[in-house]
2 protein chains.
Amino acid sequence: MKWDNIQELPCSVARALSIFGDRWTLLILRDCFIGVKRFDKFQKSIGLSRHRLADRLTKLVEHEILRKEPYQEKPLRYEYKLTRKGVDLYPVLMTLAKWGDTWMDGGDGPPLEYTHAKCQHKMTVELCCSECGEEINPKEVIPKVGPGLKAYSSRVKP
Amino acid sequence: MKWDNIQELPCSVARALSIFGDRWTLLILRDCFIGVKRFDKFQKSIGLSRHRLADRLTKLVEHEILRKEPYQEKPLRYEYKLTRKGVDLYPVLMTLAKWGDTWMDGGDGPPLEYTHAKCQHKMTVELCCSECGEEINPKEVIPKVGPGLKAYSSRVKP
DNA sequence: CCACTAGGTTCCATTTTAGAACTAACTTGA
DNA sequence: TCAAGTTAGTTCTAAAATGGAACCTAGTGG
């Protein structure tokens, strides 16, 4: 299976990863959430080659995860901003960061700590049920075939 | 910057991605959560080359995200099981899946739907504050320098 | 005029990957 | 007993992706 075919699988994880399942894209998005907007800033912050960076930014714009907006004319310059679709990736980044904080801190504690403006406490993120609000235990979540998988099956072997 | 150096950055997202920020590893872990345990099942389910699969499984075992356990002797065969560290990746997979369900369903609806055994409702996952339990809005989370970043800075330029 | 900034693009050597074929150590059925 | 099947890999090679340096374009500041 080639990477380019992965987005056709009837799996939301595979489809999401077809866009940012590579070395650098999620680091670019992490930077977006901490306020980085310009080409050179991304490059210095992340340390990837300009070549790759240009490529990834273009891809993110194509997928409408970032939007290019001019911030000056003469010479015309753009900055990259998260769209709604991009902001929606916040839970992915935060759960990744929490896992890294827990398992990869090298004994030094988390690189960043977070405060919740609403309740003013130092916080971490938790995964909760949209219906009862309780914290999720993986064993208590039962996956069932949904409409997307049914539609796919009927197309593949009708 | 080479990929091999990424895990040394003082960033939990980068460190986490140094293990599974590639094309296939998160798909292997997704399969683990739906009960896949054996080499051939992974290969058929995901469609990556046997070569890559062997490589990724070895890496996941080295990082103690999976554990190899014999399920028969003569010939000796192992299966791969999630460790505690691996199970802790559940929120990452579920938030990825939710994003894919929302933005990449191709109009067919989600491939899988989930029921919460505890409350018996069809559910999605939400990101909540560990302290006040309210749903997280990215704008209300304030990151501050933590001990991990301080320790790193004092090592790099003391 | 010269250096500098910002945002790329081009080129090429090195790395990584995909896919097919091969191996090893058994088990099963005819 | 012997061929075929199962499971879990490993080896090989061509093709694709990557990293890094140099170059380009369109300005600004001195």
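For the numbers below, each heavy atom of this structure counts, side chains included, while hydrogens, waters and symmetry mates do not. Just so it is clear: chains get the letters A, B, ... in the order the sequence lines come, proteins before strands, and each one is counted from 1.
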Report task. Return the set of residues passing ring-ring contact (aromatic ring centres under 6.0 Å, His included) with B:Tyr90 (not counting sequence neighbours), or none when no residue passes. Result ->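 B:Tyr90 satisfies ring-ring contact (aromatic ring centres under 6.0 Å, His included) with B:Phe33 once adjacent residues are dropped.
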Report task. Mind running a 4.0 Å heavy-atom check of residues 26-35 of chain B against DNA chain D and sending the residues that fall below it, in number order? Result ->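 The stretch gives none, as no residue of it lies under 4.0 Å from the strand.
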Requested in this report: Would you jot down, in residue-number order, the residues of residues 42-60 of chain B having a non-hydrogen atom under 4.0 Å from DNA chain D?
Outcome: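 Heavy-atom contacts with DNA chain D come from B:Arg50, B:His51, B:Ala54.
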Take atom [atom1] of [X] and atom [atom2] of [N], then tell me their distance rounded to the nearest Å.
{"X": "B:Asp22", "N": "D:dT18", "atom1": "CG", "atom2": "P", "value": "11 Å"}
{"X": "B:Tyr71", "N": "D:dT7", "atom1": "OH", "atom2": "C1'", "value": "6 Å"}
{"X": "B:Asp4", "N": "D:dG20", "atom1": "CG", "atom2": "P", "value": "11 Å"}
{"X": "A:Ile6", "N": "C:dT17", "atom1": "CD1", "atom2": "P", "value": "13 Å"}
{"X": "A:Tyr78", "N": "C:dG8", "atom1": "OH", "atom2": "C1'", "value": "13 Å"}
{"X": "B:Arg38", "N": "D:dT6", "atom1": "CZ", "atom2": "C1'", "value": "11 Å"}
{"X": "B:Lys41", "N": "D:dA8", "atom1": "NZ", "atom2": "C1'", "value": "13 Å"}
{"X": "B:Glu73", "N": "D:dT6", "atom1": "CD", "atom2": "C1'", "value": "18 Å"}

Looking at residues at least two apart in the chain, or sitting in another chain, which of them share a side-chain contact (heavy atoms from CB on, under 4.5 Å) with [X]?
{"X": "A:Asp22", "value": "A:Trp24, A:Thr25, A:Arg56"}
{"X": "A:Gln72", "value": "A:Pro75, A:Arg77"}
{"X": "A:Tyr80", "value": "A:Phe42, A:Leu57, A:Val61, A:Leu66, A:Lys68"}

Quick one: is [N] close enough that its OP1 or OP2 comes under 4.0 Å of any side-chain N or O from [X]?
{"X": "B:Tyr80", "N": "D:dT7", "value": "no"}
{"X": "A:Trp24", "N": "D:dT18", "value": "no"}
{"X": "A:Trp3", "N": "C:dT16", "value": "no"}
{"X": "A:Lys68", "N": "C:dG8", "value": "yes"}

Requested in this report: Between A:Arg23 and A:Lys2, name the one whose nearest nucleotide on DNA chain D is closer to the 5' end.
Outcome: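 Comparing both residues, the 5'-ward one is A:Lys2.
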Requested in this report: State plainly whether the residues B:Arg52 and B:Asp55 are in salt-bridge range, i.e. N to O under 4.0 Å.
Outcome: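 Counted as a salt bridge, because a side-chain N and a carboxylate O are separated by less than 4.0 Å.
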Please identify each residue that fulfils side chain to side chain donor-acceptor pair (under 3.5 Å) with [X], with sequence neighbours left out.
{"X": "A:Asp108", "result": "B:Arg155"}
{"X": "A:Ser49", "result": "none"}
{"X": "A:Asn137", "result": "none"}

Requested in this report: Report the hydrophobic cluster partners of A:Tyr71, with the cluster defined as I, L, V, M, F, W, Y residues connected by side-chain heavy atoms closer than 4.5 angstrom, directly or transitively.
Outcome: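 For A:Tyr71, no cluster forms, as it stays isolated from other hydrophobic side chains.
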Query - Heavy-atom side-chain proximity of B:Arg30 to A:Ser12 below 4.5 angstrom - result: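 B:Arg30 does not reach A:Ser12 side chain to side chain.
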Query raised in the report: Taking B:Lys118 for the side chain and A:Glu140 for the main chain, is one N or O donor matched with an acceptor at less than 3.5 Å?
Result: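 No; judged by distance alone, with no hydrogens or angles, the pair does not exist.
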Query raised in the report: Please, which pairs that meet ring-ring contact (aromatic ring centres under 6.0 Å, His included) have at least one residue in residues 105-145 of chain A, sequence neighbours excluded?
Result: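 Listed once each, the pairs would be none.
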Requested in this report: Indicate for each nucleotide in nucleotides 24-30 of chain D, in 5' to 3' sequence, whether protein heavy atoms under 4.0 Å reach the base (B), only the sugar-phosphate (S), or nothing (-).
Outcome: --BS---
